[in-house]
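I have placed the structure first, in the form of C-alpha cells, so that the comments after it can refer back to it.
Keep in mind it's a predicted model, so treat the numbers as computed, not measured.
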Amino acid sequence: DDDSTPEIPLPNVKATVLKKVIEFCTHYSTEPMDEIEKPLKSSTMKQVVQEWYAEYVNVDQALLFELILAANYMDIKPLLDLTCATVASMIKGKTPEEIR
C-alpha cells in the first residue's frame, strides 16, 4: 500500500453504486455526454442522449435513485443531470394518478 494516496470516505455511497458511478466517469472522460435539452424533447432517453448513456440509466428505480443520491453527494453534475432527466422522462406525459 502506498500511504501517500489519500483515502476518500464515501459513507453514503454503496460499493455497487460507486462501481456504476466510476463506470459513468470513465466513459464520460472518453465520450462526454451531449447537453440535455430542457424541457426534455422526448420521454425516450435514446432521443435525449447518446445510446451508451441511455443504456446506462436503463436500470431499476432503486438503483436509479441511489445514483441520483451518489451524484448529488459526490457533486458529479453530468451524472446528476442524466439521472434526473431519466426520472423526468419516466413521468413525462403522465397524469398524477399514473405517476403514483
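- The side chain to side chain donor-acceptor pair (under 3.5 Å) test applied to Lys41 returns no partner, not counting sequence neighbours.
- No path of Ile, Leu, Val, Met, Phe, Trp and Tyr side chains, each step under 4.5 Å between heavy atoms, connects Leu69 with Tyr56, placing them in separate hydrophobic clusters.
- When all heavy atoms of Ser42 and Ser89 are compared, the closest pair comes out as O-CB, 4.3 Å.
- With rounding to the nearest 0.5 Å, the separation of CD in Gln50 from CE in Met33 is 7.5 Å.
- Crowding of Glu23 atom CD: a count of heavy atoms from other residues, nucleotides or ligands under 6.0 Å exceeding 12.
- In this structure, Ile68 CD1 and Thr83 OG1 are separated by 4.5 Å, a value rounded to the nearest 0.5 Å.
- At a threshold of 4.5 Å between side-chain heavy atoms, the hydrophobic network of Ile, Leu, Val, Met, Phe, Trp and Tyr places Leu63 and Ile91 in two separate groups.
- Considering only residues two or more places apart in sequence or on other chains, Glu97 meets the salt bridge (charged side-chain N to carboxylate O under 4.0 Å, His left out) condition with Arg100.
- Between Glu55 and Lys46 there is a salt bridge, since at least one side-chain N of the basic residue sits less than 4.0 Å from a carboxylate O of the acidic one.
- Across Ala54 and Val49, no two heavy atoms sit closer than the pair N-CG2, 3.7 Å.
- Put simply, CG on Leu67 and CE on Met74 are 10.0 Å apart, with the number rounded to the nearest 0.5 Å.
- Take Lys77 and apply the salt bridge (charged side-chain N to carboxylate O under 4.0 Å, His left out) test, not counting sequence neighbours, and it matches Asp81.
- Here the shortest heavy-atom pairing between Thr86 and Leu82 reads OG1-O, 2.8 Å.
- The distance from the CD atom of Glu31 to the CD atom of Glu51 is 10.0 Å, given to the nearest 0.5 Å.
- The ring pair (Phe, Tyr, Trp, His ring centres under 6.0 Å) analysis of residues 25-45, with sequence neighbours excluded, yields the pairs Phe24-Tyr28, His27-Trp52, His27-Tyr53.
- For Lys94, the side chain to side chain donor-acceptor pair (under 3.5 Å) criterion is met by no residue, not counting sequence neighbours.
- With sequence neighbours left out, the salt bridge (charged side-chain N to carboxylate O under 4.0 Å, His left out) criterion links Glu98 to no other residue.
- Leu64 and Ile99 fall into different hydrophobic clusters, where Ile, Leu, Val, Met, Phe, Trp and Tyr are joined by side-chain heavy atoms under 4.5 Å apart, directly or via other members.
- A donor-acceptor distance shorter than 3.5 angstrom exists from the side chain of Lys92 to the backbone of Leu40, with no hydrogens or angles considered.
- Here the straight-line distance linking atom SG of Cys25 with atom NZ of Lys20 works out to 12.0 Å at 0.5 Å rounding.
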